[in-house]
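A quick write-up on the structure given underneath.
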Amino acid sequence: MFKKLPVFLFLLLPFVALSQSGRLMRPGASKTASDTTSRGKVRPDMKATTAADTIATIAMYKIITLQRDTIAIDTALTIQKEYATNYLRRDNFGLLPLPNDGQSYNTLDFGLTKFDPFPSFGFKAKHFAYMDAEDVNYYSVATPYTDLMYRSTQSQGQILDALIAVNTSENLNLFVGYKGLRSIGKYINSISSNGVFRLGGSYNTTSKRYFLKFHFTGQDFSNEENGGIVDTSLFESGENPYTNRERLEVYFNDAKSLLKGNRYFIDHTFRLSKTNPNSIVLHHQFNFENKFFEFTQPTLSDRFGSAYTTSINNKTRYNRMYNLVGAAYSNQTVGDIEFYVENYNYNYFYRTVIYNNNPKPRIPNSISDEIYNYGAKYTYHKDKWYGTALVSNSITNQSLSNIDLQARYKFDERNVISAKYQNMNKLPDLNYNLYQSDYKEYNWSYNNKNEKINSFEFDAKTQWLDASLQYTILKDHLYFKDQFIPTAPDTILNVKPFQYAGTINYLSLKAHREFKFWKLGFDNTVLYQNVQQGEGVLNVPSFVTRNTLYYSDLWFKKALFIQTGVTFQYFSKYYANDYNPLIGEFYSQTDKKIGGFPLMDFFINLKIQEFKLFVKAEHFNSSMSGYNFYSAPNYPYRDFTVRFGIIWNFFS
């Protein structure tokens with residue numbers, strides 16, 4: 001790969017020459033002005049002619065979230081963009097990837113965990129790249145906007161993420177996007193093949209009385225599952241032939257998992273008054289989604305014990321329909337208040353029933369329910385204050401509730417403080433209550449209690465330091481762990497759900513600070529975590545850090561922006577959760593610690609107008625620090641790999 005680097009740089013020379021006559025965006029510009037000239041207009045290559053022969057400014061290219069937050073499209077090349085150049089396309093600090101791209105992530109930062117009072121499908125290890133309704137963005141663009149991202153993967157394969165958004169009129173926007181991945185991987189039976197398709201748009205009437213957002217997503221995540229390395233001492237030896245990772249024996253040679261889901265989503269509002277913007281607004285949201293998780297294994301393995309059949313085909317099906325109907329009132333002095341009713345209807349099922357020598361099923365084939373909630377949300381935004389208060393509770397007898405209070409005070413653009421409190425009574429995820437498998441030990445039917453979550457968060461973003469504090473109290477916490485069988489070999493996994501009756505106290509403190517001098521930058525993020533619990537239920541490292549020293553400059557008469565540096569990452573040793581592909585979940589263990597090894601990446605990023613080239617030597621210190629690096633107890637972290645990729649934005 002290093003031999004190819006001069007070729008890539010040579011191919012860039014025509015772009016450098018062509019860009020001499022154009023303007024370059026100011027590197028490190030803010031999101032509200034990242035592509036503007038000193039007069040606030042887009043460069044000549046981004047001009048858009050309208051009926052009035054006007055010039056489109058960067059402010060006319062917007063990303064709009066489901067929560068109606070508006071973000072200007074940003075093509076700046078910053079160190080934060082470097083962190084987001086990965087499969088997830090977001091900063092993955094606190095996540096530790098498994099060996100191949102498109103696999104799962106071990107969670108180092110428990111603060112990244114989000115809770116929902118409604119029961120979800122489960123199989124959380126397979127959902128890191130799954131786009132929920134809140135993850136789909138909407139657009140408003142003056143001219144057609146295209147975002148392309150390409151990145152190389154492990155051994156053979158690539159990641160391609162492409163999106164185009166078009167305003168057919170000022171009021172109607174349509175977008176279509178697809179993110180696909182195929183990666184062979186370094187180990188036996190580890191191919192990843194994922195695809196995420198999204199199609200949608202937004203519309204509003206000229207009078208601004210009616211607003212509509214809608215989308216469809218079709219997502220599938222296919223992974224060959226090898227179960228990890230059988231003898232990790234061979235990996236740690238660092239000797240030939242085991243440095244060729246395909247020589248290492250793995251637990252499964254033909255197992256495969258597949259998560260697939262489709263979603264149809266609509267969110268729209270209508271203001272009753274034609275002239276009064278403070279009148280009542282009606283709100284309706286519809287979300288229908290169906291999913292399934294399937295694990296297949298033609299050859300039985302002793303890893304999971306005995307089976308009912310000679311080959312494994314486990315398939316868990318799920319569908320849910322969600323409706324919200326509400327009425328909101330807006331007043332510039334008082335704020336906005338909305339009262340709503342929610343209906344959540346789900347069906348989680350199998351097409352088999354498991355009996356013992358008893359006419360009553362030992363393991364039923366389905367869980368289904370219909371939940372009605374009522375709630376109210378209040379929003380206040382005036383001057384430097386912004387706050388929300390949400391309260392919801394069940395009308396039916398499922399006993400779930402949620403209180404969410406947030407407040408923010410903005411001193412100026414560089415100094416903002418915020419606080420959040422959440423009290424939730426959460427229904428268990430469905431795979432904790434029911435699971436069926438052809439493996440005999442992986443069948444259960446439970447009636448777990450609701451989980452209780454109390455969380456306090458404080459956040460400060462200042463010109464000197466960004467810092468956040470989180471304190472969470474968990475009661476009746478649900479988790480997976482390996483249940484020891486005295487008569488079985490140590491290699492057998494018997495993972496089942498458990499509910500911890502005690503209280504777990506979780507505390508985290510995260511700080512971020514970037515120092516800049518001349519053309520150098522030093523970006524630092526540090527996380528401290530402390531867990532108080534009676535058993536080893538919630539396992540996280542006490543200390544996580546990421547530090548990046550980099551150089552940035554403008555070359556070739558300011559036509560080329562270059563950014564290059566080294567990133568150092570480290571987390572302290574701890575009993576990390578292990579991964580069980582049969583159930584698509586991580587489980588708690590107290591047998592083996594991982595961590596305590598440095599991860600170092602070297603990167604070169606180049607930007608010419610809206611074209612960016614990324615070249616990265618990932619974990620280049622792997623052979624220097626010893627082969628004792630793991631993402632989970634039986635899954636090594638990635639070896640030294642050279643990656644390259646591009647991001648290209650078009651505005652016409």
Side-chain angles (χ1 to χ4, degrees), residues 83 86 91-100 103-113 125 128 186-187 228-239 242-243 245 248 479 481-482 506-512 522-533 535-549 565-580 586-603 616-641:
Y83 297 148
N86 52 54
D91 188 349
N92 60 5
F93 177 81
L95 297 177
L96 188 65
L98 291 185
N100 197 10
Q103 288 185 302
S104 191
Y105 295 79
N106 214 336
T107 302
L108 302 177
D109 181 3
F110 180 75
L112 299 175
T113 307
F128 282 93
K186 303 286 188 180
Y187 296 85
I229 295 174
V230 174
D231 187 352
T232 56
S233 65
L234 298 178
F235 166 78
E236 294 175 11
S237 70
E239 298 177 356
Y242 302 112
T243 51
R245 302 312 186 191
L248 290 166
Y479 67 107
K481 77 172 182 179
D482 186 14
Y506 168 80
L507 174 70
S508 73
L509 177 62
K510 184 188 293 185
H512 170 260
F522 187 39
D523 187 77
N524 305 274
T525 302
V526 178
L527 170 67
Y528 169 76
Q529 299 176 108
N530 182 273
V531 180
Q532 299 295 325
Q533 56 189 342
E535 300 177 18
V537 175
L538 180 60
N539 298 321
V540 293
S542 299
F543 180 73
V544 185
T545 184
R546 180 180 65 195
N547 312 90
T548 302
L549 178 65
V566 176
T567 296
F568 170 88
Q569 298 182 76
Y570 177 88
F571 62 94
S572 56
K573 283 191 173 184
Y574 78 111
Y575 289 109
N577 289 345
D578 208 347
Y579 173 60
N580 187 319
F586 283 89
Y587 64 94
S588 183
Q589 60 88 31
T590 55
D591 295 325
K592 181 177 179 178
K593 286 187 175 182
I594 70 168
F597 55 87
L599 302 173
M600 300 183 70
D601 303 335
F602 171 74
F603 61 89
K616 178 179 285 188
E618 288 187 353
H619 199 194
F620 67 82
N621 65 311
S622 61
S623 61
M624 311 172 196
S625 58
Y627 293 97
N628 193 25
F629 43 84
Y630 291 89
S631 298
N634 286 93
Y635 290 84
Y637 185 74
R638 298 167 180 178
D639 290 297
F640 168 53
T641 307

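On a predicted model such as this, the values are computed, not experimentally measured, just so you know.
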| Are the side chains of Leu538 and Phe110 in touch, meaning some heavy atoms are under 4.5 Å apart? | yes
| Residues forming a side chain to side chain donor-acceptor pair (under 3.5 Å) with Lys186, sequence neighbours excluded | none
| query | Can you name the side-chain contact (heavy atoms from CB on, under 4.5 Å) partners of Leu234, sequence neighbours left out? | reply | Asp231, Tyr242, Leu248
| said: Checking Asp578 now: which residues fulfil side chain to side chain donor-acceptor pair (under 3.5 Å) with it, not counting sequence neighbours? | reply: Tyr587
| With sequence neighbours left out, what residues match Asn86 under side-chain contact (heavy atoms from CB on, under 4.5 Å)? | Leu88, Asn92
| remark: Looking only at heavy atoms, the pair that brings Pro636 and Phe235 closest together is CB-CZ, 3.4 Å
| task | State which residues pass side chain to side chain donor-acceptor pair (under 3.5 Å) with Thr545; sequence neighbours excluded, sorted by chain then number. | result | Asn547
| request: Please name all residues satisfying side-chain contact (heavy atoms from CB on, under 4.5 Å) with Thr525, sequence neighbours left out, ordered by chain then number. | output: Phe93, Lys510, His512, Asp523, Arg546
| task | Establish, for the pair Lys593 and Tyr575, whether the NZ or CZ atom is under 6.0 angstrom from the six-membered ring centre and no further than 45 degrees off its axis. | result | yes
| Side-chain touch Phe543/Tyr570, heavy atoms, less than 4.5 angstrom | yes
| message | Quick check: do Gln589 and Pro633 have side-chain heavy atoms less than 4.5 Å from each other? | response | yes
| query | Within a strict 4.5 Å, meaning less than it, do heavy atoms of the Asn634 and Thr232 side chains meet? | reply | yes
| Does any non-hydrogen side-chain atom of Val544 lie less than 4.5 Å from one of Val526? | no
| field | Results of side-chain contact (heavy atoms from CB on, under 4.5 Å) for Thr107 - residues two or more places apart only | value | Leu95, Phe128
| task | Please name all residues satisfying salt bridge (charged side-chain N to carboxylate O under 4.0 Å, His left out) with Lys481, sequence neighbours left out, ordered by chain then number. | result | none
| Under the ring pair (Phe, Tyr, Trp, His ring centres under 6.0 Å) test, which residues partner Tyr187, sequence neighbours left out? | none
| said: Are Phe571 and Leu527 packed together at the side-chain level, in the sense that at least one heavy-atom pair is separated by less than 4.5 angstrom? | reply: no
Can you give me every donor-acceptor pair (side chain of residues 623-630, partner residue at least two apart or in another chain, under 3.5 Å) with its distance?
unit_1: Ser625; atom_1: OG; unit_2: Asn621; atom_2: O; d: 3.3
unit_1: Tyr630; atom_1: OH; unit_2: Glu236; atom_2: OE2; d: 2.6

| request: Could you list the residues that satisfy side chain to side chain donor-acceptor pair (under 3.5 Å) with Gln532, not counting sequence neighbours? | output: Asn530
| said: Working note: Gln529 + Ser542, criterion side chain to side chain contact (heavy atoms under 4.5 Å, CB included); need CA distance, chi angles, decisive distance, verdict. | reply: CA-CA 5 Å; Gln529 299 176 108; Ser542 299; 5.9 Å; no
| request: Please report the closest heavy-atom contact between Ser588 and Asn577, naming both atoms and the distance. | output: CA-OD1, 3.5 Å
| said: Phe586: which residues meet the ring pair (Phe, Tyr, Trp, His ring centres under 6.0 Å) condition with it, sequence neighbours left out? | reply: Tyr579
